[in-house]
Amino acid sequence: YFIPDGVETIGDYAFADCWSLKSVRMPDSVRTIGSEAFNACFDLAEINIPQGTVSIGEYAFRFCNDLEVIQIPDSVETIGSGAFSDCESLTSIEIPESVTTIGSSNLVYECDHLTDVKMPDCMTEIGNGMFFGCSSLTHYEIPDGVTSIGEEAFEYCNGLKSIKRP
């Protein structure tokens, strides 16, 4: 599905529960992706977040079960809680240094296949349940700025072998 040029905001719940949606191309004009905008798009396997996007809402991509990799451009400043939670096939995520605010909880909650995570050094908190249930995560490097690790942050990360600071 191609979102037309000129669209600046993908509203809250805009495509939620579109179970069979497989691919979305957003134009460069998109600045905001609302809360739960693509929640429960179970078959969504391909999506671009265009350069110029500033905000990704809470649970925006929750339950996008076929999404394996997400590229977040360095224009993004804010990512809401649970934005990528329950994405069963997600294997890799890199949060750019431009992100100054990450929601307080569940960013990649229950992402069973997540093996590669890179968070910005400016991050000060690993929120509650941030990596809960990420059973394929084996190593994690805590960003320099982290001063607090929340409840259940790494609970059920059964494959986790090492956590270190740079």
Side-chain angles (χ1 to χ4, degrees), residues 10 24 26 28 30-42 44-166:
I10 309 296
V24 174
M26 288 188 258
D28 291 339
V30 170
R31 299 291 171 256
T32 303
I33 299 171
S35 295
E36 300 192 40
F38 296 95
N39 182 42
C41 291
F42 301 119
L44 186 64
E46 184 181 339
I47 192 159
N48 71 309
I49 299 175
Q51 184 66 35
T53 301
V54 176
S55 176
I56 299 171
E58 293 184 345
Y59 303 99
F61 296 98
R62 184 178 188 197
F63 291 118
C64 291
N65 293 342
D66 287 350
L67 198 58
E68 292 180 19
V69 177
I70 191 86
Q71 299 289 334
I72 301 171
D74 61 11
S75 58
V76 173
E77 298 172 1
T78 303
I79 299 176
S81 293
F84 304 101
S85 63
D86 299 289
C87 292
E88 293 176 354
S89 299
L90 189 66
T91 60
S92 175
I93 189 166
E94 180 173 347
I95 308 294
E97 293 294 328
S98 61
V99 174
T100 57
T101 304
I102 297 175
S104 62
S105 63
N106 304 333
L107 181 67
V108 288
Y109 180 96
E110 292 280 355
C111 292
D112 301 344
H113 293 93
L114 188 67
T115 58
D116 187 27
V117 176
K118 174 79 170 100
M119 295 292 184
D121 285 333
C122 65
M123 190 169 130
T124 59
E125 176 185 19
I126 296 174
N128 295 341
M130 184 171 280
F131 299 104
F132 182 102
C134 294
S135 56
S136 296
L137 188 63
T138 58
H139 305 283
Y140 182 70
E141 191 168 303
I142 296 176
D144 284 337
V146 170
T147 58
S148 174
I149 298 175
E151 297 173 11
E152 302 174 340
F154 294 95
E155 188 170 354
Y156 294 110
C157 291
N158 302 333
L160 195 60
K161 295 177 184 171
S162 71
I163 296 178
K164 63 181 184 171
R165 282 204 83 104

Determine the minimum heavy-atom distance between Leu90 and Ile70, stating which atoms define it. CD1-N, 4.0 Å
Nearest heavy-atom pair of Pro143 and Pro120: which atoms, and what distance? CB-O, 3.2 Å
Can you measure from SG (Cys157) to CE (Met130) and round to the nearest 0.5 angstrom? 11.5 Å
For the residue pair Gly80 and Leu107, what are the closest heavy atoms and their distance? O-CD1, 4.2 Å
Side chains of His139 and Ser162: donor-acceptor distance under 3.5 Å anywhere? yes
Is there a side-chain contact between Asn106 and Ser81 (heavy atoms, below 4.5 Å)? no
State whether the number of non-hydrogen atoms from other residues, nucleotides or ligands found under 6.0 Å of Glu141 atom CD is greater than 12. yes
Check whether any side-chain heavy atom of Ile72 sits under 4.5 Å from a side-chain heavy atom of Ile95, and report yes or no. yes
Please evaluate residues Glu97 and Asp121 with respect to the criterion side-chain contact (heavy atoms from CB on, under 4.5 Å), reporting the C-alpha separation (whole Å), side-chain torsions for both, the decisive distance (0.1 Å), and the verdict. CA-CA 7 Å; Glu97 293 294 328; Asp121 285 333; 3.9 Å; yes
Do any N or O atoms from the side chain of Ser98 and from the backbone of Val76 form a donor-acceptor pair under 3.5 angstrom? yes
Taking every non-hydrogen atom, the tightest pair across Ala83 and Ile56: CB-CG2, 4.2 Å
Note, Leu44 side chain near Phe42 side chain (heavy atom, < 4.5 Å): no
Could you go step by step and tell me if Leu137 and Val117 meet the side-chain contact (heavy atoms from CB on, under 4.5 Å) rule? CA-CA 8 Å; Leu137 188 63; Val117 176; 3.9 Å; yes
Contact check, side chains of Thr91 and Val69, non-hydrogen atoms, under 4.5 Å: yes
Counting only N and O atoms by type, is there a donor-acceptor contact under 3.5 Å from the side chain of Ser89 to the main-chain atoms of Asn65? yes
Would you say the side chain of Glu46 lies within less than 4.5 Å of the side chain of Asp66, judging by non-hydrogen atoms? no
Full working for side-chain contact (heavy atoms from CB on, under 4.5 Å) between Phe61 and Ile47: CA-CA 10 Å; Phe61 296 98; Ile47 192 159; 3.5 Å; yes
Between CZ of Arg62 and SG of Cys64, what distance do you get to the nearest 0.5 Å? 11.0 Å
Test item: Ile149 and Ile142 side chains (from C-beta on) under 4.5 Å apart, heavy atoms: yes
Please enumerate all residues that pass ring-ring contact (aromatic ring centres under 6.0 Å, His included) together with Phe154, with sequence neighbours excluded. Phe131, Tyr140
Check Asn48 against Val24 and note the closest heavy-atom contact, atom names and distance. OD1-O, 3.3 Å
Does Ser135 reach the main-chain N or O of Gly159 with its side chain, forming a donor-acceptor pair under 3.5 Å? no
Measure the OG-CE distance between Ser148 and Met123 for me, rounded to the nearest 0.5 Å. 10.0 Å
Using 0.5 Å steps for rounding, measure from the NE2 atom of His113 to the OG atom of Ser136. 5.5 Å
Restricting to non-hydrogen atoms, name the atom on Met119 and the atom on Ile102 that form the minimum distance, rounded to 0.1 Å. SD-CD1, 4.4 Å
Are the side chain of Asn128 and the backbone N or O of Glu151 linked by a donor-acceptor pair below 3.5 Å? yes
Would you call Met26 and Thr53 a side-chain contact if the rule is heavy atoms closer than 4.5 Å? no
Out of curiosity, Asp144 CG to Arg165 CZ, how far, rounded to the nearest 0.5 Å? 6.5 Å
Hey, what do you get for CG (Leu114) to CZ (Phe84), rounding to the nearest 0.5 Å? 11.0 Å
